[in-house]
Amino acid sequence: LSSAASDVYKRQALARVLLADPAPQLVALDEPTNSLDVESVDQLIDALSAYEGALLVVSHDEDFLCRLGLTRRWEIRDGRLGETPVTALP
């Protein structure tokens, strides 16, 4: 698949999961904003904000993580997993 076709496939798969009836209780996302344009990231945040289940998100995109409205956050530092405060961007 080309990169563009792969992006469309990923978006369709995520839409199917988020719009499923019944919706899954947990959605796990690994770097979901990679290769998305700004408008697509905004749409993803809107969709995930409306989702009523649990999210497990792996991301280095601090802006995205802050905009999601996280309630808990864990980070791996020096090979150790620990909970860190949830903070908003200034």
Side-chain angles (χ1 to χ4, degrees):
L1 288 175
S2 71
S3 178
S6 177
D7 289 346
V8 169
Y9 176 78
K10 286 188 268 185
R11 289 179 196 178
Q12 289 173 343
L14 183 58
R16 280 193 300 274
V17 168
L18 294 177
L19 297 174
D21 187 23
Q25 295 178 348
L26 171 68
V27 171
L29 302 169
D30 182 17
E31 298 291 353
T33 60
N34 281 5
S35 72
L36 292 181
D37 59 27
V38 174
E39 183 179 336
S40 297
V41 172
D42 291 343
Q43 291 172 351
L44 177 60
I45 289 169
D46 289 344
L48 294 175
S49 295
Y51 172 68
E52 294 183 6
L55 293 173
L56 175 62
V57 181
V58 176
S59 180
H60 291 89
D61 186 338
E62 289 294 327
D63 181 59
F64 172 74
L65 293 171
C66 288
R67 291 175 60 196
L68 274 181
L70 302 174
T71 57
R72 298 186 80 177
R73 180 177 178 155
W74 290 274
E75 290 184 351
I76 298 173
R77 288 191 186 260
D78 300 322
R80 302 185 81 178
L81 178 66
E83 190 166 0
T84 60
V86 175
T87 58
L89 287 176

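Counting heavy-atom neighbours within 6.0 Å of E83 CD, excluding the residue itself, gives a total above 12. Around atom CD of E75, more than 12 heavy atoms belonging to other residues, nucleotides or ligands sit under 6.0 Å away.
When all heavy atoms of S59 and T33 are compared, the pair lying nearest together is OG-OG1, 4.4 Å. Across all non-hydrogen atoms, the minimal contact from P24 to V27 is CG-CG2, 4.0 Å. Shown here for L70 and L65, the closest heavy-atom pair between the two residues is CG-O, 3.5 Å.
Distance check, rounded to the nearest 0.5 Å: CZ of R67 to CG of D46 gives 8.0 Å. Atom CG of residue L29 and atom CG of residue N34 lie 11.5 Å apart, to the nearest 0.5 angstrom. Atom-to-atom distance recorded for Q43:CD and D37:CG is 8.0 Å, nearest 0.5 angstrom.
Other residues sharing the hydrophobic cluster of L81, ordered by chain and number and joined by side-chain separations under 4.5 Å: W74, I76. Under a 4.5 Å side-chain heavy-atom criterion applied to ILVMFWY residues, the cluster that includes V38 comprises that residue alone. Grouping Ile, Leu, Val, Met, Phe, Trp and Tyr by side-chain contacts under 4.5 Å, direct or through others, puts L26 with L56.
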**Item:** Steps toward side chain to side chain contact (heavy atoms under 4.5 Å, CB included) verdict (L44, L14)
**Value:** CA-CA 9 Å; L44 177 60; L14 183 58; 3.1 Å; yes

query = Is there a side chain to side chain contact (heavy atoms under 4.5 Å, CB included) between L48 and F64 once you walk through the steps?
reply = CA-CA 11 Å; L48 294 175; F64 172 74; 3.9 Å; yes

